[in-house]
2 protein chains.
Amino acid sequence: MDPKTDTRSRILNIAEASVLKKGFEATSIEEIVAGADISRGGFFYHFKDKNALARAMLQRYIDAENALYDDLFARARELNDDPLHCMLIGLKLLAEMLTDMPEGHPGCVIAATAYQDRLFDEGVRDLNRQAILGWRTRFRGMFEEIAAVYEPKEPINMDALGDMVSSVVEGGLVLQRALREHNNASQQIMLLRTYLKLLFAQRQI
Amino acid sequence: MDPKTDTRSRILNIAEASVLKKGFEATSIEEIVAGADISRGGFFYHFKDKNALARAMLQRYIDAENALYDDLFARARELNDDPLHCMLIGLKLLAEMLTDMPEGHPGCVIAATAYQDRLFDEGVRDLNRQAILGWRTRFRGMFEEIAAVYEPKEPINMDALGDMVSSVVEGGLVLQRALREHNNASQQIMLLRTYLKLLFAQRQI
DNA sequence: TCCTTACTGTACCGCGAGTCCAGTTAGCAG
DNA sequence: CTGCTAACTGGACTCGCGGTACAGTAAGGA
């Protein structure tokens, strides 16, 4: 509440809005401090440099994304207890969520970070890495549950399949950003959904 | 031959090597001119600014990528005249090609460009856009040929399916770059290959 | 009263992009 | 041989941005 005590959060909010709109590099410290109504000195009091800001933002983003996945698949699970159908519903929900964002998804920070090596230090890149590995584990687990019930029609590398969710989202977001269209990511997720239907369905063990 | 007359190409070569290794932003004009053994003035004689350099490099990259696809699928066609099998062979060749690169693929310039809005002007972004739209058309055409012979087992948006090739490559490269692994892109392409097998095979019209 | 937290404000540095411009060198055209 | 142009060199300079340094201050608790 007290504007003095939550300056750090205010900085993060302002920075996040600007970074999602224009990219990290395009967001100058100057404009952050202007938006948060503090001095440059104040900024560096909270973050020793731009990398510290990046780390904090990335951590926030990853936490939000994880919470989103938790929520999405929890809701899917309520609707259907079967692991395959739960996954299919979850992906549908994810696709819908991406379509509903009028501006399109803010363009995953993961890719932005991956493609700006120099700008970020090892800590930032490591956060990034851990997040992706976390998603790999999450989805591989779900796919293994599915495979325990439905025999896959083709042999599949489960790690790669786990990665495919992130990969499809990231790839879709790259297209979306480059093409300035707004539903590529959601379309690609729907294609992945079809893939999983073909791969697992109709051969219950 | 004459070092004086092909300075422009020399600049592009030096710049490309450095950009693929460290990223566009991390490549300073200073180091390009040092590598090409010219002066800063000489650089700006050939390229009015860094954007002009980016445009030239991107165009080169896109041309090379298109030539690669032409070659790959031409070779695949020689091996098998059926459109589905041609596609499957082509994707296998592509995956192998990506694995064979010891350093991994140079990390597609498309994504790098998409995620650095401020750095590039409209011209660069438009080149990027046209390239992806070109690949959409290319692959949609191939998928339509396949669909004329093999009825897809699930209804499919052909534009999205065309995009899926680029999307899977881009997504895989993002993972690869973020994880510092080296075969994610090729694995994702192999998954796409399996997808197409499941979607089209065994239902010849 | 003293210490700490959370700043403000100002001055300053280095780096890289980009500009300007005067001068040089090589080659070709008349 | 003259003159013109392309392809530079070299140096000085501006600007924005990240980052440093540090002195001072206002507010709140022990």
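Any value given below was found using the heavy atoms of this structure, including those in side chains, with hydrogens, waters and symmetry copies removed. First the proteins, then the strands, lettered A, B, ... as listed; each starts at 1.
Salt-bridge annotation for B:Arg40 and B:Glu31: absent, with no side-chain N of the basic residue lying under 4.0 Å from a carboxylate O of the acidic one.
Atom CG of A:Asp121 is separated from atom P of D:dG18 by 16 Å (rounded to the nearest Å). At whole-Å resolution of the value, CG in A:Asp49 and P in C:dC15 are 17 Å apart. Put simply, CG on B:Asp37 is 14 Å from C1' on D:dG10, counting in whole angstrom units. Residue A:Ile38 contributes atom CD1, which lies 21 Å from atom P of D:dT25 at whole-angstrom precision. Here D:dG19 presents its P atom at 11 Å from CD1 of A:Ile32, a figure rounded to the nearest Å. To the nearest angstrom, P of D:dG16 lies 16 Å from CD of A:Glu25. B:Asp6 has its CG atom 12 Å from the P atom of D:dA7, to the nearest Å. Straight-line distance from the CZ atom of B:Phe44 to the C1' atom of D:dA7: 16 Å, rounded to whole Å.
Crowding of B:Lys22 atom NZ: a count of heavy atoms from other residues, nucleotides or ligands under 6.0 Å exceeding 12.
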Short N/O separations, protein against nucleotides 9-13 of chain C, under 3.5 angstrom:
none

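Checking the phosphate oxygens (OP1, OP2) of D:dA7, no side-chain nitrogen or oxygen of B:His46 falls inside 4.0 Å. Residue B:Tyr45 places at least one side-chain N or O under 4.0 Å from the OP1 or OP2 atom of D:dA7.
Under the rule for a ring-ring contact (aromatic ring centres under 6.0 Å, His included), the partners of A:Phe43 that lie at least two apart in sequence or sit in another chain are A:Phe47. Remark: A:Tyr195 pairs with B:Tyr195 by the ring-ring contact (aromatic ring centres under 6.0 Å, His included) rule, at least two apart or across chains. With sequence neighbours left out, the ring-ring contact (aromatic ring centres under 6.0 Å, His included) criterion links B:Phe24 to B:Phe120.
Nearest nucleotide to the side chain of B:Thr7, out of D:dC8, C:dA6, D:dT20: D:dC8.
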(message) Quick one, B:Asn66 with B:Trp135, criterion side-chain hydrogen bond (donor to acceptor under 3.5 Å, both in side chains). Give me CA distance, side-chain angles, the key distance, then yes/no.
(response) CA-CA 8 Å; B:Asn66 273 319; B:Trp135 295 326; 2.9 Å; yes
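Under the salt bridge (charged side-chain N to carboxylate O under 4.0 Å, His left out) criterion, the residue pairs touching residues 51-60 of chain A are A:Glu16-A:Arg60, A:Arg55-A:Asp121, with sequence neighbours excluded.
Within the 4.5 Å cutoff, no side-chain heavy atoms of B:Arg129 are placed close to those of B:Arg125.
Paired regions of DNA chain D, where each region holds three or more successive Watson-Crick or G-U pairs whose two hydrogen-bonding distances fall under 3.5 Å, are C:1-30 with D:1-30.
Side chain to side chain, B:Asp63 and B:Gln59 meet the donor-acceptor criterion of an N or O pair below 3.5 Å.
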